[in-house]
Structure formats: C-alpha cells, structure tokens
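Scroll down for the structure; my scribbles are underneath it.
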Amino acid sequence: MIAFAPPSLGPAVLALVWTAGPAVQTPSSPPPAAVFNDNREPAGTLTDGVLELALEVHEASWHLLGKDRPAGRVLAFAERGGTPSIPGPLIRVPLGTTVRVSVANPLDSAVVVHGLGARREGELEPIRVPAGSTR
C-alpha cells in the first residue's frame with residue numbers, strides 16, 4: 001500500500017509508505033475515509049527555524065474514481081490526532097529550515113517510509129517503523 005507526502009517549496013520531499021509484512025488485515029467495517037488535501041496549509045509547527053511535525057500512518061478508504069465508485073483501501077498520513085489525507089500533510093519550509101518529523105505506526109504490520117531523512121549526497125535510506133512504534 002502506498003501513501004504520498006507532497007513536495008515542499010524548498011527541496012522536494014516525497015514519502016512512500018507500505019507494509020513490510022502481511023497485508024493490512026481487512027476489518028468487517030471499512031476504515032475511515034481519507035480527505036482530500038488541497039495543500040494550502042503547511043503541517044507542523046515552525047519555531048525559530050525548526051519545523052516539528054508528528055505524523056501517523058493510518059489505513060483509510062479512498063474513492064479515487066469518485067464517491068459513486070467503490071473505495072480502495074490505502075495507507076495515508078495524518079498529523080497526530082488528525083484525519084488521514086491524500087496527499088499527506090504538506091511539508092513547506094524556508095530553505096535552511098531544520099525539519100524534525102516523527103512517524104507513528106499504530107498498525108499491526110511494520111511500514112517502510114521512503115523520502116524522509118537528511119538530504120545529503122546519494123540516496124535517502126528508508127525508515128522502517130515497526131508495528132506499534134514511532135521513529
């Protein structure tokens with residue numbers, strides 16, 4: 001399963017997340033619907049050149065083809081305590097800002113997040129978040 005975090009206005013950030021174990025279990029009732037994020041409001045709190053952002057990974061239903069079509073199950077990011085959104089919460093900061101992001105995984109399976117890490121030369125290492133953990 002994949003969820004996207006949108007690009008920022010500074011260096012681009014793209015985050016992909018998927019389960020690193022068995023598929024997300026299908027409950028008898030559908031998961032809550034993900035909301036559309038119009039990317040007008042940046043996520044987190046920016047203070048003295050440091051952005052603090054707490055994300056959670058949630059299973060959500062998404063009507064990709066419209067509300068009259070069947071929903072698919074996706075993993076989506078939400079700010080801590082918020083509603084999952086697609087695209088995920090917007091990370092928008094001035095160039096040179098320190099970005100501190102935590103990712104909580106309340107699911108029964110580990111998830112792997114790509115694209116969140118210190119941007120230096122070379123590829124970013126993925127972040128593995130075990131079930132029930134925060135990284």
Side-chain angles (χ1 to χ4, degrees):
M1 297 190 162
I2 300 175
F4 296 94
S8 67
L9 286 182
V13 175
L14 171 65
L16 304 175
V17 59
W18 61 82
T19 57
V24 175
Q25 296 174 356
T26 305
S28 57
S29 61
V35 298
F36 174 71
N37 182 355
D38 63 8
N39 285 334
R40 293 183 186 200
E41 295 295 322
T45 304
L46 181 60
T47 306
D48 297 327
V50 178
L51 177 74
E52 297 279 346
L53 176 58
L55 297 174
E56 297 173 331
V57 177
H58 292 282
E59 184 177 6
S61 60
W62 179 244
H63 292 268
L64 176 66
L65 300 175
K67 295 237 183 249
D68 60 333
R69 306 292 298 179
R73 292 178 185 266
V74 298
L75 294 182
F77 288 113
E79 279 196 78
R80 183 180 299 151
T83 303
S85 66
I86 297 177
L90 175 65
I91 301 173
R92 178 180 285 165
V93 298
L95 189 61
T97 300
T98 298
V99 179
R100 294 187 183 137
V101 179
S102 66
V103 178
N105 175 15
L107 303 174
D108 293 335
S109 299
V111 295
V112 179
V113 180
H114 292 263
L116 291 176
R119 187 164 301 277
R120 294 184 173 81
E121 293 182 25
E123 293 186 33
L124 296 175
E125 290 294 319
I127 300 166
R128 183 178 172 87
V129 187
S133 297
T134 301
R135 295 285 186 262

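Since the model is a prediction, treat every value here as computed from it, not as a measurement.
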Contacts table for residues 40-56: side-chain donor-acceptor under 3.5 angstrom, sequence neighbours left out:
| residue | atom | partner | partner atom | Å |
| --- | --- | --- | --- | --- |
| Arg40 | NE | Asp38 | OD2 | 3.4 |
| Glu52 | OE2 | Arg100 | NH1 | 3.2 |
| Glu56 | OE1 | His58 | NE2 | 2.9 |
| Glu56 | OE1 | Gly81 | N | 3.3 |

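- The shortest side-chain heavy-atom distance between Asn105 and Ser133 does not fall under the 4.5 Å cut-off.
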Set out, in order, the CA-CA distance, both residues' side-chain angles and the distance that settles side chain to side chain contact (heavy atoms under 4.5 Å, CB included) for Leu75 and Leu107, then state yes or no. CA-CA 10 Å; Leu75 294 182; Leu107 303 174; 3.6 Å; yes
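- Residues Pro84 and Ala60 share a closest heavy-atom pair of CB-CB, 4.2 Å.
- Between Arg135 and Pro130, the closest side-chain pair of non-hydrogen atoms falls below 4.5 Å.
- Under the rule for a side chain to side chain contact (heavy atoms under 4.5 Å, CB included), the partners of Ala71 that lie at least two apart in sequence or sit in another chain are Ser61, His63.
- Hydrophobic cluster membership differs between Val35 and Leu64, with clusters built from Ile, Leu, Val, Met, Phe, Trp and Tyr side chains linked at under 4.5 angstrom.
- Side-chain contact between Glu59 and Val74: absent, with no pair of heavy atoms (C-beta onward) separated by less than 4.5 Å.
- Minimum heavy-atom separation, Phe77 to Val57: CE2-CG2, 3.8 Å.
- For the pair Val99/Leu116, no side-chain contact is recorded, criterion being any heavy-atom separation below 4.5 Å from C-beta on.
- Atom CZ of Arg80 and atom OG of Ser102 lie 5.0 Å apart (nearest 0.5 Å).
- Pro106 approaches Ala104 most closely through the heavy-atom pair CD-O, 3.5 Å.
- Not a single donor-acceptor pair under 3.5 Å links the side chain of Asn37 to the backbone N or O of Ser85.
- Residues Val111 and Ile127 form no side-chain contact, since every pair of their non-hydrogen atoms from C-beta on lies 4.5 Å or further apart.
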